[in-house]
Amino acid sequence: EADIYQTPRYLVIGTGKKITLECSQTMGHDKMYWYQQDPGMELHLIHYSYGVNSTEKGDLSSESTVSRIRTEHFPLTLESARPSHTSQYLCASSAGGGSYNEQFFGPGTRLTVL
Amino acid sequence: AQSVTQLGSHVSVSEGALVLLRCNYSSSVPPYLFWYVQYPNQGLQLLLKYTSAATLVKGINGFEAEFKKSETSFHLTKPSAHMSDAAEYFCAVTVNTGNQFYFGTGTSLTVIP
């Protein structure tokens with residue numbers, strides 16, 4: 001079944017730890033995105049990729065990094081987690097071509113940094 | 001740059017009543033507009049989208065939205081609310097020459113039995 005997956009769904013971790021949030025999609029989409037979502041706020045784009053070996057930073061400044069070595073995989077890494085990183089992280093993907101192609105979202109990872 | 005404004009962060013309606021969630025956009029070029037729904041502990045799911053074809057767009061679960069260029073609006077409606085419609089709703093905009101979606105701050109819909 002074509003879908004987009006995120007693991008873990010929930011993560012509680014101490015300050016200073018390195019973490020990787022996983023995102024995989026089986027839809028063959030070229031474009032993938034990472035958003036940060038906080039209550040009452042718009043979704044903020046933190047990283048995006050238009051294909052393998054292509055990554056860009058979004059509007060929201062982030063201390064995270066991403067990689068796109070395979071089309072289906074777009075992991076996000078925090079080298080040293082801090083309490084300010086506590087948030088919900090959403091991964092999305094969309095087909096190539098026109099901007100009118102909708103984004104498909106994963107279920108999210110809720111990160112808490114103590 | 002593009003942006004959307006969702007008026008009303010919380011909307012409450014009675015079961016069976018009309019649902020109206022407001023979205024106004026800002027764009028200097030023709031926009032593409034989207035409505036998404038988010039249930040608790042889930043990602044966003046597309047309800048409907050406007051891509052410059054018909055101005056009245058029908059989506060899933062009985063929702064529809066009308067693109068009004070003169071009012072720069074794309075309000076979401078449903079004639080009769082169901083309990084299962086309780087969720088967070090997000091409006092988003094992008095353009096053909098752009099690389100990003102811009103989301104509103106969301107509207108939380110409560111349906112009162």
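- Side-chain atoms of A:H73 and A:Q25 include no donor-acceptor pair closer than 3.5 Å.
- A donor and an acceptor atom, one from each side chain of A:S94 and A:Y33, are located under 3.5 Å apart.
- With 3.5 Å as the limit, one finds a donor-acceptor pair spanning the side chains of A:Q103 and A:Y35.
- Contact of A:Q6 with chain B is not made at all, since no heavy-atom distance falls under 4.5 Å.
- The contact between B:L46 and chain A is made entirely by side chain atoms (from C-beta outward), counting heavy-atom distances below 4.5 Å.
- Residue B:Q38 touches chain A through its side chain alone, counting heavy-atom pairs closer than 4.5 Å.
- Looking at A:L43, the atoms closer than 4.5 Å to chain B (heavy atoms on both sides) sit in the backbone and in the side chain alike.
- Between the side chains of A:D38 and A:S87, a donor-acceptor pair is found at a separation under 3.5 Å.
- Looking at A:Q37, only its side chain comes within 4.5 Å of chain B, counting heavy atoms on both sides.
- For the pair B:K49 and B:F34, the NZ or CZ position fails the cation-pi test of under 6.0 Å to the six-membered ring centre and within 45 degrees of the ring normal.
- For a residue to count as touching a neighbouring chain, one of its non-hydrogen atoms must lie under 4.5 Å from one of that chain's; by this rule B:Y50 does not touch chain A.
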